[in-house]
Amino acid sequence: MKKLVPAAVLALLLASGPIGAHAAAAIPLMVRDKPVQTDAAPLLSNGRVLVPLRAAAEALGADVSWDAKLQTATVSKWSERVKLTIGKNKAQLSGAYPGQSDELALDAPARMTGGRVYVPLRLLSQTFGYPVDWQDGKVYIRSPLGADDQTVLNGGSLEHARKAAMKLALGRLHSERPALIAKHDSEYYSNTFLFPEGEALRFYLIQGDVVSWIEMKEDAFVATWQARLKSDTDELSLFLKQQWQEAQGSKPALQKAFYVHSSGMMGDSNDEESGVVDAKGTYTRTGYRHIIGGTANVEEGQIVYQLDGEKRQETAKILPPESAGTGSFKPGVAIDFPKGADADEETVLQLVKANVAAIAAKDKAAFRATLSSSDGDYFDFLLAPGVQFRFTELVRIAPYDAETGRKNIEIGYDKSEDGKTRHSVYTFTAKKDKNGKWGIANID
C-alpha cells in the first residue's frame with residue numbers, strides 16, 4: 001500500500017503561465033525503463049524537476065479526470081483516489097488502504113502551466129507506491145517491487161517466491177474496492193496464507209476476521225475479493241466452511257489443493273505452522289513451532305514452504321524485471337522530510353533522518369546514536385565498506401501503533417553493491433524506552 005522524493009529536485013516551483021527563461025530543455029520521463037512519449041515532459045527549472053500529472057499518472061495505468069469548472073484533477077487506480085485542486089497545497093485521498101491519511105500535504109500547490117497540471121513527483125509515490133529517482137538527467141518512476149523481489153517473483157523457486165509474496169503482502173497491499181478493516185477480539189494477531197498448488201502470485205490471506213483473495217496485478221499485489229468471517233477465532237476452519245459475510249468482489253472458483261502457512265504472535269510468544277488443504281477442504285498440518293522469549297518450546301513435524309512434488313505453475317502474470325538505471329552512483333540523502341503531525345512523530349522523523357544520513361555517510365557513531373539498543377552491531381551490515389546507499393523518498397509515515405508502542409517510517413533507497421544498483425524500501429521502526437526516549441528499534 002504506499003508514498004517523499006528528493007527535495008532538491010522534486011518540489012513544485014512553477015507559477016501559472018509559461019516556463020521562465022532559465023528553464024532547461026525537456027527531461028525524459030522513464031516508467032519501468034521505458035520512455036514516456038508525451039508533449040508535456042518533465043521540466044527542470046531553477047534546479048527543480050516538475051512533472052505533468054496526466055502523462056505520469058496514465059503511464060502508470062491510472063485514470064485522470066479533469067473538472068474545468070472546479071479546477072480539480074482526480075487520479076484513480078485500484079480503489080485509491082487522489083483529488084487535487086489548482087492553487088491548493090492539500091490533496092484529498094479516498095478508498096485507500098487502512099492507515100493512510102485522508103489528506104495529503106503537497107510541497108506546494110498544484111499549478112497550471114502551459115495548459116498542463118504540474119505536481120511534485122512525490123504525489124505518485126505517496127499515493128500509489130511508485131519510487132521516484134532522478135539519475136543521469138532523467139526522471140525514473142520505478143516498480144514498487146525491489147530488484148531482488150522482481151527476480152524471485154519472476155523466476156525464483158516456488159519456496160522463495162512464496163516467501164517474497166508473503167513479505168510483500170504484509171507490507172503494502174492495494175484493493176480493487178475500499179478495503180475491509182480486520183477486527184481482533186483477542187490480543188493474538190495472525191496471518192494465514194493459502195496458496196493454490198504450484199502458485200505464488202495469487203493466494204488467500206486471512207488476517208483477524210477478514211479474508212482476502214490477492215493477485216499480482218502488473219507489479220503490485222491487489223485484493224480482488226474480500227469477506228468478513230464470523231469470528232477471528234479458528235479463522236481457517238471458518239473459511240473452509242465458507243462461514244463469512246460482507247463479501248465484495250469476485251471470488252475465484254478453485255478446485256485444487258492449497259499450501260497453507262500461518263504465523264501469529266501475542267506478547268513475546270510466537271508460533272508458525274505449515275500444512276495442506278486438499279481438494280475436499282480437509283486441512284493437514286505438516287509442521288508447527290511455538291517460541292517464547294526467542295526459545296522454541298514446542299516443535300512438531302517440519303515447517304515447509306512447498307509441498308512434496310509441487311512444481312511452480314503460475315496463473316497470474318508479473319511484469320519482467322527492470323534495471324536500476326545507469327551511471328555513477330552517488331550516495332546520500334535526497335529526501336525533504338516534512339514536519340511531524342505531533343511532537344512524537346516529529347521526533348521519530350528526525351531520528352530516521354539522522355539515521356539514514358549516518359548510513360549514507362558510513363558514520364558508525366552517529367548511526368548508533370539513533371538506535372534504541374546498545375547492541376548496535378546487529379545493524380552494522382548497513383555500514384559495510386562494499387555497500388553504498390542513496391535514500392530517495394519517504395514512502396510512508398504509518399500511524400502510531402498504541403498496542404505495540406511502535407511507529408514505522410518507510411524509506412525508499414537505491415543500494416549499490418558489486419557494481420549493481422537496485423531499488424527497495426526499508427521500514428524503520430521506532431519505539432520509546434522506559435524513560436520515554438525514542439530510538440530506532442528495527443530496520444527491515
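- Arg228 and Ala182 get closest at one heavy-atom pair: NH1-CA, 4.5 Å.
- Tyr189 pairs by the ring pair (Phe, Tyr, Trp, His ring centres under 6.0 Å) definition with His184, not counting sequence neighbours.
- Atom CG of Asp444 sits in a sparse spot, with 12 or fewer heavy atoms from other residues, nucleotides or ligands closer than 6.0 Å.
- A 4.5 Å side-chain heavy-atom check between Val222 and Ile214 finds every atom pair outside the cut-off.
- Contact check for Val356 versus Phe428: side-chain heavy atoms found under the 4.5 Å cut-off.
- Between Thr315 and Leu201, the closest side-chain pair of non-hydrogen atoms is not below 4.5 Å.
- A ring-ring contact (aromatic ring centres under 6.0 Å, His included) with Trp213 holds for exactly one of Tyr204, Phe203, Trp225; it is Tyr204.
- The structure places CG of Asn89 at 11.0 Å from OG1 of Thr85, a figure rounded to the nearest 0.5 Å.
- Considering every non-hydrogen atom in both Thr192 and Leu194, the closest pair reads CG2-CD1, 4.1 Å.
- For the 3.5 Å distance criterion, the side chains of Glu176 and Ser79 fail to qualify, holding no donor opposite an acceptor.
- Contact between Pro338 and Leu349 at its shortest, heavy atoms only, is O-CD1, 3.5 Å.
- Under 3.5 Å, the side chains of Glu273 and His261 contain no donor-acceptor pair of N or O atoms.
- The salt bridge (charged side-chain N to carboxylate O under 4.0 Å, His left out) analysis of residues 356-365, with sequence neighbours excluded, yields the pairs Lys364-Asp380.
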| task | Before giving the answer on side chain to side chain contact (heavy atoms under 4.5 Å, CB included), spell out for Tyr400 and Arg406 the whole-Å C-alpha distance, their side-chain angles and the decisive distance to 0.1 Å. | result | CA-CA 6 Å; Tyr400 173 69; Arg406 296 170 181 259; over 6 Å; no
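- A heavy-atom distance below 4.5 Å is not found between the side chains of Ser262 and Leu236.
- Taking CG from Asp401 and NZ from Lys407, the interatomic distance works out to 10.0 Å, rounded to the nearest 0.5 Å.
- Side-chain contact annotation: Thr429 with Asn408, donor-acceptor N/O pair under 3.5 Å present.
- Using a 30° and 60° split on the angle between ring planes, Tyr426 and Phe389 fall in the tilted class, from 30° to 60°.
- Atoms CZ and OG, on Arg162 and Ser157 in that order, are 10.0 Å from each other to the nearest 0.5 Å.
- Other residues, nucleotides and ligands contribute only 12 or fewer heavy atoms inside 6.0 Å of the NZ atom of Lys83.
- Enclosure of atom CD in Glu403 is not indicated, since only 12 or fewer non-hydrogen atoms of other residues, nucleotides or ligands lie within 6.0 angstrom.
- Remark: side-chain polar atoms of Gln248 are paired, donor with acceptor, to backbone N or O of Pro178 under 3.5 angstrom.
- Between the side chains of Ser212 and Gln226, at least one donor N or O lies within less than 3.5 Å of an accepting N or O.
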